[in-house]
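Order of listing sets the numbers, starting from 1, for every ligand and every atom in it.
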Amino acid sequence: MSEITARDPRTGRIDWRGAAADAGEIATIAAQLRATQPTWEAKGPSTRLEILRAFGRALDRHSGPIGEALEADTGRRRIARLEIDSVIGSIEGWARVVANDAAPDWVPGRGLPSVRHTAAWKPYPLVGVVSPWNFPLLLGMIDAVPALLAGCAVLVKPSEVTPRFIAPVMAALAEVPDLAAVFATVVGDGATGAAVVNVADCVCFTGSVATGRKVAVQAAGRLIPAYLELGGKDPLIVLDGADLEHATDAALRGSVLSTGQACQSIERIYVQRSIHDAFLNRLVEKAEAARLNWPDIGSGQIGPIIFNKQADILAAQIADARAQGAHILTGGEIETHGGGFWLRPTVIAGVTHAMTVMREETFGPILPVMAFDTDDEAITLANDGEYGLSAAVFARTLEEAEAIGRRIEAGAVSLNDAALTSIFYEAAKQGFKASGLGPSRMGEDGYRRFLRRQALIANTAAPLPLAAFSEEGSK
Ligand code: NAD
């Protein structure tokens with residue numbers, strides 16, 4: 001059993017210690033969950049929904065301690081509360097999907113009239129969820145809720161960087177014993193995550209491309225599905241004629257919300273040359289108005305960098321851009337306050353695709369801006385890279401924005417806004433290219449992907465004898 005320590009992102013102090021669940025413990029928990037899952041499945045969707053609603057109420061009752069723990073995990077307050085509200089609200093969102101899930105009819109056969117068939121949907125007995133540190137509660141629960149509703153047992157392994165929220169969530173879960181019998185969350189690191197993949201029948205992974213590849217390989221070895229939600233390098237294209245106030249507002253919010261520590265953050269901005277300078281000036285003015293939430297957590301818009309190693313990545317991307325001739329127009333220095341690391345919105349001009357800030361995931365409040373001349377050039381630039389999570393287009397009209405958006409290789413494209421997937425959860429979408437694998441986690445597929453389709457095929461006549469297929473007399 002190895003010890004895990006966690007650092008408070010606002011103070012830099014290591015003030016949390018816990019034990020990582022090892023493979024033996026994971027196997028024991030998995031066996032318990034598997035043993036209780038058939039009872040959970042037998043309850044049916046509407047009873048399961050009522051039990052999840054009870055869990056939502058328990059989360060609400062425990063929102064004080066859960067919020068405080070998330071605050072210590074992430075160094076932000078309002079977004080911590082929003083995470084709790086989103087998880088509770090998601091239960092009703094999934095309730096609408098389940099309500100549309102009518103039992104399938106028997107379908108008469110076409111080739112064999114005496115044979116008819118229907119479908120049954122069988123949940124994967126045990127779903128393993130491995131999640132990252134940037135929205136610890138939300139991304140731990142985003143797959144767990146539909147999987148539980150589908151009738152699966154679920155084992156969640158959140159990031160070792162942000163483990164504090166687990167205990168108060170488990171306290172809320174303990175008040176709903178029917179759910180606690182099929183749902184567990186464990187403290188642990190990468191080895192614990194690998195142990196979860198080793199016992200699950202289906203795995204949902206949210207995290208980096210590098211770890212996603214390892215999970216995919218491990219899952220392939222076990223012949224289980226791996227639904228991967230990975231990183232992004234989302235482009236924003238701003239065309240001549242776009243409303244510059246709207247475009248700069250959306251660019252800033254889309255890039256620096258949650259201090260850029262969101263997979264769907266805008267990380268590259270391409271602006272048509274005729275409006276490039278005006279866009280840049282306005283963006284810099286707005287970026288400079290943003291404030292750190294330091295020393296008061298209840299102030300400003302920019303929180304600390306949650307994972308200290310991320311500060312090194314941001315500093316290295318800025319240094320690389322500088323060294324290759326880019327201009328840092330505002331921000332650009334990692335600041336230390338308390339013992340935490342902070343970066344103000346950093347606008348960079350004169351960037352090229354030779355720079356890491358335009359190619360590699362940043363996961364911070366950095367806005368590199370590049371000029372383009374033609375639509376085709378903008379689309380080529382937006383599609384240049386290994387990621388395809390989401391993208392955004394601003395134009396004079398929605399029609400123009402849509403025409404460009406349809407040519408971008410990304411699973412979600414915001415039109416005349418940016419990063420809409422962070423506030424609008426209803427649209428089904430997949431991660432393109434290296435940004436993901438598997439069906440959409442939103443919409444009906446987000447529920448269906450936890451159900452295996454079983455065909456029930458009935459014959460109303462006498463079964464065909466072997467003689468019907470005899471080779472005798474065949475020519
Ligand atoms: P990470 O890949 O380092 O870790 C994610 C999780 O995987 C953690 O819980 C970690 O303990 C676990 N893990 C590590 N090694 C493992 C292994 N071999 N087997 C199984 N599990 C293992 O990612 P991170 O740094 O925590 O999160 C940031 C990344 O997550 C960014 O790339 C971001 O874009 C991505 N992300 C994607 C989405 C999305 O929906 N597409 C959402 C949020 C974050």
Side-chain angles (χ1 to χ4, degrees), residues 2 4 6 9 18 20-21 23 26 73-74 79 83 86 128-143 155-163 165-166 185-200 203-222 224 226-234 257-267 305-314 360-364 385-390 410-412 419 421-422 425 429-438 440-442 446:
S2 62
I4 297 212
I26 294 295
D73 275 333
T74 62
I79 293 173
E83 278 196 64
S86 302
V129 174
V130 178
S131 55
W133 48 261
N134 56 325
F135 295 99
L137 174 68
L138 181 68
L139 293 172
M141 297 298 297
I142 195 167
D143 299 309
L155 175 55
V156 180
K157 204 297 286 176
S159 169
E160 62 274 36
V161 178
T162 50
F165 77 101
I166 297 172
T185 300
V186 291
V187 169
D189 53 12
T192 314
V196 169
V197 177
N198 222 20
V199 296
V203 60
C204 298
F205 173 82
T206 307
S208 63
V209 169
T211 314
R213 279 189 214 283
K214 290 186 200 163
V215 168
V217 167
Q218 194 186 346
R222 296 198 55 237
I224 61 167
Y227 305 145
L228 309 179
E229 303 279 345
L230 309 178
K233 187 75 196 163
D234 291 1
L257 184 65
S258 303
T259 316
Q261 300 163 123
C263 55
Q264 76 289 352
S265 277
I266 295 297
E267 296 209 345
I305 297 162
I306 296 172
F307 185 32
N308 50 344
K309 290 188 187 149
Q310 199 66 33
D312 299 336
I313 294 171
L314 305 185
E360 294 175 12
E361 192 176 39
T362 299
F363 230 54
E386 69 166 327
Y387 296 104
L389 192 63
S390 37
T421 52
S422 62
Y425 309 120
K429 65 184 174 67
Q430 290 170 275
F432 288 13
K433 300 200 277 187
S435 288
L437 193 67
S440 170
R441 90 172 358 159
M442 300 298 167

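Shown here are the side chain to side chain donor-acceptor pair (under 3.5 Å) partners of Ser258, two or more places apart in sequence or in another chain: there are none. Scanning for side-chain contact (heavy atoms from CB on, under 4.5 Å) contacts around Ala194 gives Gln218, with sequence neighbours left out.
Sorted by first and then second residue, the salt bridge (Lys or Arg N to Asp or Glu O under 4.0 Å) pairs with a member in residues 257-267 read Lys233-Glu267; sequence neighbours excluded.
More than 12 heavy atoms of other residues, nucleotides or ligands sit less than 6.0 Å from atom CZ of Arg222.
Around ligand 1, the residues contributing at least one heavy atom under 4.0 Å from the ligand are Val130, Ser131, Pro132, Trp133, Asn134, Leu139, Lys157, Pro158, Ser159, Glu160, Asp189, Gly190, Gly193, Ala194, Phe205, Thr206, Gly207, Ser208, Thr211, Lys214, Val215, Glu229, Leu230, Gly231, Cys263, Glu361, Phe363, Leu389, Arg441.
Under the 30°/60° scheme for interplanar angles, the aromatic rings of Trp133 and Phe307 are found to be tilted.
Across all their heavy atoms, Asp234 and Cys263 have their closest contact at OD2-O, 4.1 Å.
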